[in-house]
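Quick one: structure below, then a few questions.
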Amino acid sequence: MSHDSGEMMKKYIVVKQKQRLTEERKVLFQGMAEVESQLSCLCIKYKELDTAAKVHVQADEKELKIHREAEATTHLHFIANQKTVCSIESVYGTIELQLYTHKYIKKDNIIAISYDVLDGDIVSDSFYIIWTIEEGVRESD
């Protein structure tokens, strides 16, 4: 596999989610991940510990895409201030869901999104997710 300008590196990342309505917090991932920086795109790959789901995050200047493979395969697409149609494929078929992204921030070591899950025009859920990439390799505690 050839990588143009991208260099694959193992970095320690933490992925936190906050349910915006209930303020319930959850750590979705914490550990070593493959991080690749290509031009304006930051790619992160990791395997969730509790679910063993494979997650692939692609963040560029304008949009964020998350591909998550578990019992169901989820394709999520976020563009700030826009509605996007996403899909969840499982053995029971494909469900489409609409997201509205309020905020999307991408910096060298941080990706953050704030979004709503829509049911028609009604907000059925709201989340905030932040990926923090730590420089350097962390020694195990």
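Keep in mind it's a predicted model, so treat the numbers as computed, not measured. The basis for the numbers below is simple: all heavy atoms, side chains too, and nothing from hydrogens, waters or symmetry mates.
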(message) Let me check something: do M32 and I130 share a hydrophobic cluster, defined by ILVMFWY side-chain heavy atoms less than 4.5 Å apart, either directly or through other members?
(response) no
(message) Are the side chains of E24 and Q17 in contact, using a 4.5 Å heavy-atom criterion?
(response) no
(request) Apply the side chain to side chain donor-acceptor pair (under 3.5 Å) test between S114 and each candidate in K18, H102, R20; give the one that qualifies. (result)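 Only one option passes, and that is R20.
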(message) Regarding H56 and Q58, do their side chains bring together a donor and an acceptor under 3.5 Å, going by distance alone?
(response)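 The answer is no; no qualifying pair exists.
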(message) According to side chain to side chain donor-acceptor pair (under 3.5 Å), who are the partners of E71, at least two apart in sequence or on a separate chain?
(response) none
(request) Determine which pairs satisfy ring pair (Phe, Tyr, Trp, His ring centres under 6.0 Å) with at least one residue from residues 27-53, sequence neighbours left out, and list them in order. (result)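 Non-adjacent pairs meeting ring pair (Phe, Tyr, Trp, His ring centres under 6.0 Å): F29-Y46.
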(message) What I want to check is whether the side chains of S40 and D60 have a donor and an acceptor closer together than 3.5 Å.
(response)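 Looking only at side-chain atoms, D60 and S40 do not form any donor-acceptor pair under 3.5 Å.
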(message) With heavy-atom distances below 4.5 Å as the criterion, would you say the side chains of I79 and Y104 are in contact?
(response)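 A side-chain contact under 4.5 Å is absent here.
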(message) Between K106 and E61, does any NZ, NE, NH1 or NH2 come within less than 4.0 Å of an OD or OE carboxylate oxygen?
(response) yes
(request) Please go through I105's hydrophobic cluster and name the other residues, only I, L, V, M, F, W, Y counting, with side-chain heavy atoms under 4.5 Å joining them. (result) none
Which side-chain N or O atoms in residues 87-97 pair as donor and acceptor under 3.5 Å with protein atoms at least two apart or in another chain?
from, atom 1, to, atom 2, distance (Å)
E89, OE2, H75, NE2, 3.4
S90, OG, Y92, N, 3.1

(request) Output the rest of the hydrophobic cluster of Y100: all Ile, Leu, Val, Met, Phe, Trp and Tyr residues reachable through side-chain heavy-atom contacts under 4.5 Å, sorted by chain and number. (result)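 Joined to Y100, directly or through intermediates: L118, V123.
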(request) Indicate yes or no for a side-chain donor-acceptor contact from T101 to the backbone of K103 under 3.5 Å, with no hydrogens or angles considered. (result) no
(request) Answer yes or no: is there a donor N or O on one side and an acceptor on the other, between the side chain of E48 and the main chain of D50, under 3.5 Å? (result) no
(message) Any carboxylate oxygen within less than 4.0 angstrom of a Lys/Arg side-chain nitrogen, looking at K45 and E36?
(response) no
(message) Contact between T74 and I66 at the side-chain level, heavy atoms closer than 4.5 Å - yes or no?
(response)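 No - every pair of side-chain heavy atoms lies 4.5 Å or more apart.
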(message) Any non-hydrogen side-chain atom of L99 less than 4.5 Å from a side-chain atom of D116?
(response) no
(request) List for me each residue that meets ring pair (Phe, Tyr, Trp, His ring centres under 6.0 Å) alongside Y115, sequence neighbours excluded, and say none if there are none. (result) F78, F127
